[in-house]
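This report refers to the structure that appears directly beneath it.
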Protein chains: 6
Amino acid sequence: MYYHDKRLQYPVTVEKPDPQFARMLQQAIGGVEGEIRVCMQYFFQAWGNRSPNPKYRDMLLNTATEEIGHIEMLAHAVALNLDKAPASLQAEGAADGIVGAVMGGERPRHVVEGIIHKNLLSSGLSAMPIDSDGVPFDMSHIYASGNLAADMYANVAAESTGRVLAVRLFNAAHDDGMKKMLHHLIARDTMHQNQWLAVVEELGGAATQVPIPNSHPQSEEDSENAYRFFVTSLDGTAPEGRWTSGPSIDGKGEFTVFRDEPMGDVPNLGPARPDSGAQNEQIGKA
Amino acid sequence: MYYHDKRLQYPVTVEKPDPQFARMLQQAIGGVEGEIRVCMQYFFQAWGNRSPNPKYRDMLLNTATEEIGHIEMLAHAVALNLDKAPASLQAEGAADGIVGAVMGGERPRHVVEGIIHKNLLSSGLSAMPIDSDGVPFDMSHIYASGNLAADMYANVAAESTGRVLAVRLFNAAHDDGMKKMLHHLIARDTMHQNQWLAVVEELGGAATQVPIPNSHPQSEEDSENAYRFFVTSLDGTAPEGRWTSGPSIDGKGEFTVFRDEPMGDVPNLGPARPDSGAQNEQIGKA
Amino acid sequence: MYYHDKRLQYPVTVEKPDPQFARMLQQAIGGVEGEIRVCMQYFFQAWGNRSPNPKYRDMLLNTATEEIGHIEMLAHAVALNLDKAPASLQAEGAADGIVGAVMGGERPRHVVEGIIHKNLLSSGLSAMPIDSDGVPFDMSHIYASGNLAADMYANVAAESTGRVLAVRLFNAAHDDGMKKMLHHLIARDTMHQNQWLAVVEELGGAATQVPIPNSHPQSEEDSENAYRFFVTSLDGTAPEGRWTSGPSIDGKGEFTVFRDEPMGDVPNLGPARPDSGAQNEQIGKA
Amino acid sequence: MYYHDKRLQYPVTVEKPDPQFARMLQQAIGGVEGEIRVCMQYFFQAWGNRSPNPKYRDMLLNTATEEIGHIEMLAHAVALNLDKAPASLQAEGAADGIVGAVMGGERPRHVVEGIIHKNLLSSGLSAMPIDSDGVPFDMSHIYASGNLAADMYANVAAESTGRVLAVRLFNAAHDDGMKKMLHHLIARDTMHQNQWLAVVEELGGAATQVPIPNSHPQSEEDSENAYRFFVTSLDGTAPEGRWTSGPSIDGKGEFTVFRDEPMGDVPNLGPARPDSGAQNEQIGKA
Amino acid sequence: MYYHDKRLQYPVTVEKPDPQFARMLQQAIGGVEGEIRVCMQYFFQAWGNRSPNPKYRDMLLNTATEEIGHIEMLAHAVALNLDKAPASLQAEGAADGIVGAVMGGERPRHVVEGIIHKNLLSSGLSAMPIDSDGVPFDMSHIYASGNLAADMYANVAAESTGRVLAVRLFNAAHDDGMKKMLHHLIARDTMHQNQWLAVVEELGGAATQVPIPNSHPQSEEDSENAYRFFVTSLDGTAPEGRWTSGPSIDGKGEFTVFRDEPMGDVPNLGPARPDSGAQNEQIGKA
Amino acid sequence: MYYHDKRLQYPVTVEKPDPQFARMLQQAIGGVEGEIRVCMQYFFQAWGNRSPNPKYRDMLLNTATEEIGHIEMLAHAVALNLDKAPASLQAEGAADGIVGAVMGGERPRHVVEGIIHKNLLSSGLSAMPIDSDGVPFDMSHIYASGNLAADMYANVAAESTGRVLAVRLFNAAHDDGMKKMLHHLIARDTMHQNQWLAVVEELGGAATQVPIPNSHPQSEEDSENAYRFFVTSLDGTAPEGRWTSGPSIDGKGEFTVFRDEPMGDVPNLGPARPDSGAQNEQIGKA
């Protein structure tokens with residue numbers, strides 16, 4: 001079960017509210033690389049974890065719980081960017097401030113253009129679980145496969161795209177408070193990338209874990225094609241690299257190049273059944 | 001641009017059609033771990049690839065093109081499992097066969113229960129771009145970040161969950177033709193897992209690539225917190241492992257444990273604006 | 001604006017309630033071929049209709065309004081199939097009837113398996129705006145392009161897939177009341193297919209309307225490729241038919257066959273920008 | 001920020017695992033009436049709360065944090081129902097147990113039919129953020145309007161449909177552990193329904209809060225139609241009740257009945273523009 | 001079944017077309033607080049209504065039918081705002097008007113920026129069933145639970161967020177015709193809020209209806225926790241209010257405060273099964 | 001199976017990159033009228049094709065394969081419009097170019113406003129499988145009904161809305177390279193519209209194919225209502241046209257006008273069941 005502290009994980013301040021930047025921050029909340037995704041992903045991986053060793057569930061719970069605090073920080077940052085932060089300026093804001101003008105009815109076009117979105121109309125200038133284009137987050141992005149190594153790589157991918165996003169936001173930010181908040185989130189992504197890779201390494205690295213799942217006997221796969229790079233380019237040339245020759249990364253095979261060609265037949269499903277809702281011509285009825 | 005050969009990449013046969021297994025195979029077509037996902041993911045990564053070295057675009061195109069053939073194989077397998085494969089049995093099937101009975105109007109309940117889904121009603125017993133629960137694939141699952149290393153880990157995750165799925169289908173299959181098809185797909189997933197990890201290794205591995213993106217100076221992140229495992233457990237105990245002590249995986253820091261606590265204040269957005277659509281009590285109006 | 005009559009458009013009765021059939025009927029409510037789709041599609045086409053002749057708006061409104069009544073009929077049919085229709089049997093149904101058993105807590109497995117879905121849990125045995133797999137209808141399927149001819153073909157497609165679905169349901173139905181309701185809906189789909197094609201014919205047919213939009217001067221398209229069938233098959237053979245030779249359907253060109261080949265260059269986006277969140281290796285930084 | 005305790009909020013045990021019931025429980029996790037919805041809804045309402053009085057943010061945080069623990073309990077219940085609970089039975093389960101048979105490859109049809117869904121293929125017999133039909137939860141269901149009273153009614157609605165769902169699951173459950181878990185969740189829903197209504201009452205009830213938002217002067221609405229029940233029935237009869245006569249609930253008007261009729265004109269958008277992609281006939285071009 | 005009148009429910013005029021405002025109005029059509037939602041919600045509640053008293057079905061049908069007319073009005077308003085309203089100005093519009101410029105190819109950037117969305121490209125400057133960010137409405141937002149009181153609160157919530165939205169649009173509007181249309185819609189929301197609350201009051205109010213569903217014996221819930229406010233704040237302080245002491249709103253209990261703590265154990269799912277697609281290390285295989 | 005050539009199907013060049021136009025082009029990639037839709041639709045129609053004549057599968061494969069190349073061209077065009085095309089200008093671009101300014105941190109507001117979307121944050125200035133509003137494409141738009149004629153009309157609709165979209169983009173484009181690319185795509189849509197109509201004509205046209213499906217005996221439909229135009233307008237007037245009198249398009253009936261009226265009864269589902277989660281008042285319990 002869970003507890004909260006009313007304070008934020010890390011300071012969040014905004015000196016110059018910027019509705020455009022608020023919208024960009026939404027990507028870090030409800031984007032597929034965002035914090036709702038990692039938070040829920042780690043929770044579902046923890047809750048469904050099966051292992052003789054309970055420490056993986058514990059580890060995942062710690063980081064999942066940390067991530068709720070990240071969503072909270074970003075939600076606060078969005079609200080501050082949509083608002084005049086100091087309460088004493090609000091009356092003035094409503095009269096002639098940039099955002100306030102919109103609410104007050106004057107609505108200069110060049111200002112409105114940036115913030116007519118749902119954050120104004122649907123949430124009253126607060127954060128929403130949507131991305132920077134207003135698309136709501138959908139939970140199919142929670143990858144929890146029941147396979148620990150697959151999940152760790154999914155987590156590395158999530159934290160890598162997450163840190164890429166945070167860096168892009170950092171580069172776009174002009175407010176010192178926002179830069180400070182982001183430089184903390186970037187650091188935590190550094191830790192989390194290392195953390196998930198550390199699990200793979202602790203378990204023996206690629207030599208032990210790959211191909212995932214390692215519990216399926218490789219004798220039952222089509223071993224002839226297990227370490228071949230398939231070339232589909234009509235000119236037959238392969239883009240050469242670490243993946244076209246030498247030992248495979250898992251140490252269980254040798255990379256080679258194969259010019260791809262059909263090994264199967266032309267498929268033919270034959271005529272449609274009577275009463276299947278097809279046309280007579282498909283059924284072969286005159 | 002692209003070409004096709006009418007033949008299949010690999011043989012696909014079904015001796016004993018099984019509508020239930022057809023539905024399970026749908027997960028490998030339109031599930032988030034399925035073949036549409038990897039096919040489109042590699043295409044978009046290729047088409048958007050920016051690099052001084054054009055070989056990454058080429059490599060991605062080869063594998064993306066291979067994956068179209070995988071969707072095709074699975075779509076054929078679904079249709080065969082929903083159908084009597086040999087054309088000469090179709091008339092009989094319509095009269096008294098298992099699936100045919102449904103179409104012919106007799107509909108024994110125990111048979112219908114498995115296949116009332118959209119594959120019958122919407123596609124006339126063919127494959128659809130949906131998962132095993134009938135949920136259509138949605139393209140937000142195409143991860144193409146513009147960062148090569150982040151994309152490679154996203155691809156490893158995709159091929160890992162993909163091979164886990166293929167193994168589960170292999171274990172559930174009872175038809176030899178289906179087992180043969182799956183043992184080929186499992187092998188290709190082995191190759192692709194190795195392939196994407198090979199790119200990371202060619203570029204120098206974690207020591208060079210992590211934290212992703214490596215183009216952002218680490219001096220600009222909150223370095224104090226960049227290699228700390230945050231503990232949120234109220235009892236203060238950390239699940240110890242490779243991630244709590246020793247050098248970090250990227251070789252740029254040292255793992256330590258930190259008992260998490262708030263570093264920020266209690267957030268307070270103050271009263272709502274007049275005319276913002278809030279209640280009077282939020283605005284502070286009597 | 002709109003009015004209602006409490007009575008149904010057409011009689012809907014069920015003698016032998018069948019929860020499985022209720023689920024199949026859901027496809028005709030919330031499936032992409034279903035009645036919500038055509039109803040809303042015709043309304044939005046009407047409401048956005050621009051034309052010197054107001055009769056197209058009128059015609060669309062008549063049929064859109066008729067379609068609300070179809071959703072209503074199907075919703076009633078779903079509820080009846082999930083229920084014991086005669087009120088006097090309800091007490092008995094709760095005790096030992098097929099569906100009632102589920103609600104009463106006994107839940108024989110073979111019965112429950114068919115109806116554990118959202119119609120039980122979320123709506124209390126009534127219809128929902130979902131398809132036969134429980135996927136909610138989403139309004140992106142409302143095609144209203146602002147082009148009258150494009151819309152008419154979208155409507156023909158909707159009524160064609162809709163009639164295919166209704167026929168499949170008719171073939172699967174075993175209750176006389178359900179067959180009667182469906183034989184009415186099938187007839188209305190016949191009318192509507194003819195109706196939308198009649199608009200195209202009234203406007204002059206393909207010779208006047210195709211290629212859609214006909215307001216764009218064909219001199220501004222790549223006329224060399226406007227009536228060529230492109231062959232991508234590696235063996236170079238074209239599937240011959242009405243589309244490979246002879247005058248085009250719109251009468252404005254002659255069908256020919258073209259063996260497809262690249263007319264463009266190899267694309268190359270070059271290195272990534274500094275500060276773009278890419279890896280150093282993509283940027284070309286040492 | 002947030003903390004966790006490794007223990008569960010309330011005991012969760014399963015004596016007789018039942019994959020069908022696991023699927024039904026998914027509705028309480030990822031259904032629109034489920035726990036992810038209320039958890040995230042209360043969090044976003046808290047994080048965006050604007051008010052002179054900070055206690056509303058605090059109150060919402062307490063209940064949001066409690067709800068994470070509910071998701072956790074249900075996720076554990078799903079995993080237990082998909083599994084043989086006692087660890088010592090697992091080997092046996094794989095050999096001849098009900099669920100195990102599926103994984104081991106024997107797959108008796110009548111068992112498989114219930115659990116071929118994504119919980120098997122995608123998560124390896126664990127909980128997922130999906131509903132009982134496998135549809136992933138989508139965050140557009142998080143209602144946080146920036147208006148406190150509107151949010152409270154949205155919360156009452158969420159807890160009401162949530163308790164209805166929990167009662168249906170309680171009635172369907174046959175395992176004592178599951179009944180016990182649900183009888184706790186039902187009680188918490190009782191509290192939360194009362195809690196949100198208590199906020200409205202504390203603020204003065206309908207007399208002060210309705211119509212929501214109460215900050216918009218009612219003099220600016222079409223007051224003639226503000227308390228009229230519009231009848232669209234062609235027979236002109238109104239369903240009489242508390243809503244057709246007597247003082248309105250907010251005490252600011254008197255209910256009356258109005259037979260609806262058009263007050264506007266026939267809309268006409270005129271011809272389409274040249275170059276708008278319409279047909280010539282819409283533009284009025286010969 | 002249903003009928004239409006070609007005229008609008010209420011006058012809709014626009015003197016100064018404003019594409020930005022058209023986009024904002026889209027939220028009232030296809031947003032989760034919009035008119036499609038309430039229209040379809042009331043229809044599905046009516047069509048699935050079970051009650052000894054048929055008047056609830058009738059009442060819901062009247063209001064659902066009214067709401068179709070609201071969608072129609074808003075759709076007309078969107079089209080007018082995307083267009084030059086007076087037909088005689090269209091030619092001029094195409095040449096040098098604000099919107100026309102876009103279609104004619106000149107496209108001054110500051111104008112285009114607001115309307116490059118789907119309303120231009122996909123519908124030819126007409127309304128679509130999308131929200132102000134272009135996200136299509138999805139029917140999972142139709143709450144029809146089979147429980148009358150739960151549905152009434154869902155309707156109050158819908159009309160409350162709906163009126164909040166309409167007020168925000170009214171405040172943002174600068175065209176007198178738009179203000180007039182909105183002041184009618186705001187009034188109807190006033191009526192509908194009162195109407196749904198009137199149903200609850202007619203049935204006896206909270207004392208009779210809460211906790212919803214009232215058909216489940218409260219003796220079967222965890223009564224110890226049914227009226228306790230759970231505090232998860234680590235400092236143990238409760239936000240005091242009507243919800244922490246005194247009689248509960250339903251009159252069936254007494255509010256108290258409880259400092260939350262775990263009542264359950266640490267969950268442990270044990271090792272994964274062989275052949276489940278997990279890693280060897282999870283299974284406990286050497 | 002499939003092959004690729006590294007070169008593009010047709011030349012794609014951009015002289016003056018325009019981020020706004022990049023966003024508009026996204027509609028042609030991931031919009032419901034876009035190229036992913038037709039590509040995948042033709043593939044699934046081909047893979048599920050049942051017919052005595054295999055040429056329909058072949059024909060569909062040729063055009064599906066062609067369409068991959070269209071997505072590729074558009075993806076390249078989006079990337080070029082988001083970028084400074086000539087590599088030598090990139091450094092300058094980062095310093096003071098229009099787009100580069102954003103990445104470099106200066107971010108003049110009027111520039112940022114157009115491109116804060118996911119193409120910047122999520123893909124690093126490349127194409128994504130989303131539409132012009134950032135909504136991801138979802139595969140429910142792949143219509144493959146198992147009925148050849150229904151599919152052909154769905155394809156005509158897709159190519160018609162597709163060509164309408166391409167024309168709107170052509171009219172909005174100001175770059176010669178973009179105009180050239182689009183004039184090729186417009187021509188291909190011309191061919192494809194003709195191609196799908198050619199299939200219907202080859203099969204005998206409406207006289208043979210309509211009503212779709214033609215395999216269902218029309219004697220089993222409600223023939224009285226199969227060619228009647230239903231009028232729901234309260235004034236009873238029909239919008240007269242080809243659809244109100246004369247022979248039907250399929251030649252199998254005669255169009256007439258029918259003033260719509262209820263043929264069914266008032267539906268009544270009676271009281272709710274005990275234990276169904278309804279309110280006592282619905283069940284009829286005192």
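Proteins get letters first, then strands, A, B, ... in listed order; numbering begins at 1 in each. No experiment lies behind these values; they were computed from the predicted model shown.
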So D/Gln193 and E/Asp250, side chain to side chain donor-acceptor pair (under 3.5 Å) or not? Walk me through it. CA-CA 9 Å; D/Gln193 287 181 27; E/Asp250 59 18; over 6 Å; no
Given side chain to side chain contact (heavy atoms under 4.5 Å, CB included), test D/Ile249 with E/Trp196 step by step and report yes or no. CA-CA 9 Å; D/Ile249 300 299; E/Trp196 311 126; over 6 Å; no
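Heavy atoms closer than 4.5 Å to chain E are found nowhere in D/Tyr2, neither backbone nor side chain. E/Asn194 touches chain D through backbone and side chain together, each having a heavy atom under 4.5 Å away. For chain D, no part of E/Val135 is nearby; none of its heavy atoms comes within less than 4.5 Å. D/Leu61 touches chain E through its backbone: at least one of N, CA, C or O sits under 4.5 Å from a heavy atom, while the side chain does not. For E/Glu240, the part lying near chain D is the backbone, with the side chain staying farther off; criterion is any non-hydrogen pair under 4.5 Å. In this structure, chain D has a heavy atom under 4.5 Å from the side chain of E/Tyr3, while its backbone stays farther away.
For the pair E/Asp138 and D/Asp138, the minimum side-chain heavy-atom distance is below 4.5 Å. Between E/Ile212 and D/Val164 the shortest side-chain heavy-atom distance falls below 4.5 Å. At a threshold of 4.5 Å between non-hydrogen side-chain atoms, the residues E/Gln9 and D/Glu261 do not count as touching. By the 4.5 Å heavy-atom criterion applied to side chains, E/Leu125 and D/Arg273 are counted as neighbours. Inter-residue side-chain proximity for D/Tyr10 and E/Asp222 is flagged as met; some heavy-atom pair is nearer than 4.5 Å.
Counting heavy-atom pairs under 4.5 Å between each of D/Ser145, D/Ala238, D/Ser126 and chain E puts D/Ser145 at the top. The most heavy-atom pairs under 4.5 Å with chain D, out of E/Ala187, E/Pro239, E/Ser248, E/Ala157, come from E/Ala187. Heavy-atom pairs under 4.5 Å with chain E were tallied for D/Asp58, D/Ile186, D/Asn225; the largest tally goes to D/Asn225. Put simply, of D/Lys6, D/His216, D/Glu224, the one with the most heavy-atom pairs under 4.5 Å next to chain E is D/His216. Contact count against chain E (heavy-atom pairs under 4.5 Å) is highest for D/Thr190 among D/Leu182, D/Thr190, D/Val156, D/Asp5.
With values rounded to the nearest 0.5 angstrom, D/Gln209 atom CD is found 10.0 Å from E/Ser160 atom OG. A distance of 13.0 Å separates OG1 in D/Thr65 from CZ in E/Phe230, rounded to the nearest 0.5 Å. For the atom pair CZ (D/Phe258) and CD (E/Glu66), the distance works out to 10.0 Å, reported to the nearest 0.5 Å.
The two residues D/Arg228 and E/Arg188 come nearest to each other via the heavy atoms O-NH1, 2.8 Å. Scanning both residues, E/His76 and D/Leu269, for their nearest heavy atoms gives CE1-CD2, 3.7 Å. Between E/Ser140 and D/Val32, the closest heavy-atom pair is O-CG1, 4.0 Å. Heavy atoms only, all atoms of each residue included: E/Pro262 and D/Arg7 are closest at CB-CB, 3.6 Å. Closest heavy-atom contact between D/Thr232 and E/Asn62: N-OD1, 2.7 Å. Of all non-hydrogen atoms in D/Tyr227 and E/Met191, the two that sit nearest each other are C-SD, 3.3 Å.
Put simply, the residue from D/Glu202, D/Gln195, D/Glu201 that forms a side chain to side chain donor-acceptor pair (under 3.5 Å) with E/Arg242 is D/Glu201.
Taking the six-membered ring for Trp and thresholds of 30 and 60 degrees, D/Tyr153 and E/Tyr153 have nearly parallel ring planes, at less than 30 degrees apart. Ring-plane geometry between D/His141 and E/His141 is classed as parallel, the angle between the planes falling under 30 degrees on a 0 to 90 degree scale with a further cut at 60.
Under the 4.0 Å criterion applied to side-chain N and carboxylate O atoms, D/Arg163 and E/Glu221 are assigned as salt-bridge partners.
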